[in-house]
There are 2 protein chains.
Amino acid sequence: MSDTATTPPTSKSAQTRQRILDAAAEVLSRKGYAGTRLGDVAAVAGVQAPAIYYYFGSRDELVEEVMWVGAHRVRLHVEEVLAAVPEGATYMDRMMVAVDAHLRFELQLSDYATASIRNAGHVPEQLRVRPAAEEALYSRLWRDLFVAAQQAGEIRADLDINVFRLLLLGAMNWVVEWWNPRTRSLDELVATAQAMVRHGAGQP
Amino acid sequence: MSDTATTPPTSKSAQTRQRILDAAAEVLSRKGYAGTRLGDVAAVAGVQAPAIYYYFGSRDELVEEVMWVGAHRVRLHVEEVLAAVPEGATYMDRMMVAVDAHLRFELQLSDYATASIRNAGHVPEQLRVRPAAEEALYSRLWRDLFVAAQQAGEIRADLDINVFRLLLLGAMNWVVEWWNPRTRSLDELVATAQAMVRHGAGQP
DNA sequence: TAGAAATTCTAATCTGGTTTAGAATGAGGA
DNA sequence: TCCTCATTCTAAACCAGATTAGAATTTCTA
């Protein structure tokens, strides 16, 4: 293997591993778990299929890593963006920022995120454990945001914020199933999703 | 084959075919396309795997039929419910009814609907043609509803109803990924989804 | 209730894709 | 340069399921 103290992460070896992982994310995000052949991944990465086994123990191990990285990065990204929000911002403002960050990251920046979202419910159980832990953390991030917003009176008191949160995340996740950058503007999408939260959950 | 003029749809043969189809819908809704083995379907239906080939040409043909039936039934159900709405109802009222019908049908009444929703983006291209046609009709139903509501002034004029509609359908479709009847009340879910539309899209 | 047709089964085959074996290549250090 | 280790390749083994063959059974009709 590599990527240790003796071999810097930019070594040829580490780059190849990364290329394979990127390729897997790309194919997985496009074709889904069932449609992803190791041969396709290898072709995209520019190697022969057996080369994958030098870096990953099995097809499933490769898939699991993609899923985990995807879930992990989405969370990190949204956390970072939220951390940069100025002090005085309302919780509703923060939610707008989170919606923006989630959507843009998922659609523009990361095949990993897309792969993770699309396949979460389609991979064998054993592959879900580690990614699920990440998703739980991400879920909590949103829960905290909703709870704080409702306590601050920025969200209708009678709204079931747990259900609303799950519906919102679902709406945003499902975007990967229909989004086509050529026919729609990302700005418009973000604005509409934000309106769905601001008016759907916020005070009249 | 059977189910012709000479063999009524309640004949043993037709019943077996139905049992296999039901079993396929059940397994598909639970395990997804990749996880669905013909052997599992056969076991649930109470036959041996090869018996399936007496009724269906191939695994994919069986899957395709489940997907189509699922999409078809959701549309029929929502159409029926909408047709029963009294004359004077507002378009917003109709949308509330449609949300209710969609969610209850998908979660309570139909493994077919769940199978169709969950696997739409995961089956090979050829299997999507017929189901996609159904989905297009269903999509139009919602589009018409949104257009009418906005023209009637029941929806904010500045809202992008196409994007909002896709977000809403996504939110409702994704419910199959997290819904657990034991931990949540269906009524609460329906009410929250309705609120998301009424306040999220409706006039203040 | 015999015989034909329909249905379902067991056993075998086929297939595409993953995985393993082991040889070839290439890069880096003595 | 030569040797060693890392990396990648080609060829072959392996496997889990789908599918087919053909026999056995059940159902229906006359």
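We name chains A, B, ... by the order of the sequence lines, and we start the count at 1 in each one.
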Atom CD1 of A:Ile20 and atom P of C:dT18: how far apart are they, to the nearest Å? 14 Å

Please state how far atom CD in A:Gln48 lies from atom C1' in C:dT20, giving the value in whole angstrom units. 16 Å

Treating A:Arg165 as the side-chain partner and A:Leu145 as the backbone partner, does any N or O pair qualify as donor plus acceptor under 3.5 Å? no

Select one nucleotide: of C:dT18, D:dG17, D:dT8, the one nearest the side-chain heavy atoms of B:Arg37. D:dG17

In whole angstrom, what separates A:Arg17's CZ from D:dA6's C1'? 16 Å

Nearest to side-chain heavy atoms of B:Tyr55, which nucleotide of C:dG17, C:dT7, C:dT19: C:dT7

Report yes if a side-chain nitrogen or oxygen of B:Tyr53 is closer than 4.0 Å to either non-bridging phosphate oxygen (OP1 or OP2) of C:dT7; otherwise report no. no

Atom CG of B:Leu38 and atom P of D:dT20 are separated, to the nearest Å, by 11 Å

For A:Thr114 and A:Asp111, which I'm curious about, is there any donor-acceptor pair between the side chains at under 3.5 Å? no

Angle by which the axis turns from one end of the helix from C:dT1-D:dA30 to C:dA30-D:dT1 to the other, five pairs per end, to 10 degrees: 10°

C:dT18, D:dT8, D:dA11: which one has an atom nearest the side-chain heavy atoms of A:Pro50? D:dA11

Would you say that more than 12 heavy atoms from the other residues, nucleotides or ligands in this model lie under 6.0 Å from the CZ of A:Phe146, or not? yes

Which residues pass the side-chain hydrogen bond (donor to acceptor under 3.5 Å, both in side chains) test with A:Asp60, not counting sequence neighbours? A:Tyr33

With A:Tyr138, which of A:Arg143, A:Glu79, A:His102 fulfils side-chain hydrogen bond (donor to acceptor under 3.5 Å, both in side chains)? A:His102

Check this one for me: any side-chain N or O of A:Thr16 less than 4.0 Å away from OP1 or OP2 of D:dT8? yes

Taking it one step at a time, do A:Ile155 and A:Met95 satisfy side-chain contact (heavy atoms from CB on, under 4.5 Å)? CA-CA 11 Å; A:Ile155 283 184; A:Met95 296 214 286; 3.6 Å; yes

Between CZ of A:Arg19 and P of D:dT7 the distance, given in whole Å, is 13 Å

Go through D:dT19, C:dT8, C:dT19 for me and flag the one nearest to the B:Tyr54 side chain. C:dT8

Could you tell me the separation between the CD1 atom of A:Ile52 and the C1' atom of D:dC9, rounded to a whole number of Å? 13 Å

For A:Gln15 and D:dT7, give me the distance from atom CD to atom C1', rounded to whole Å. 14 Å

Hey, could you give me the CZ/CD distance between A:Arg17 and A:Glu65, rounded to the nearest 0.5 Å? 4.5 Å

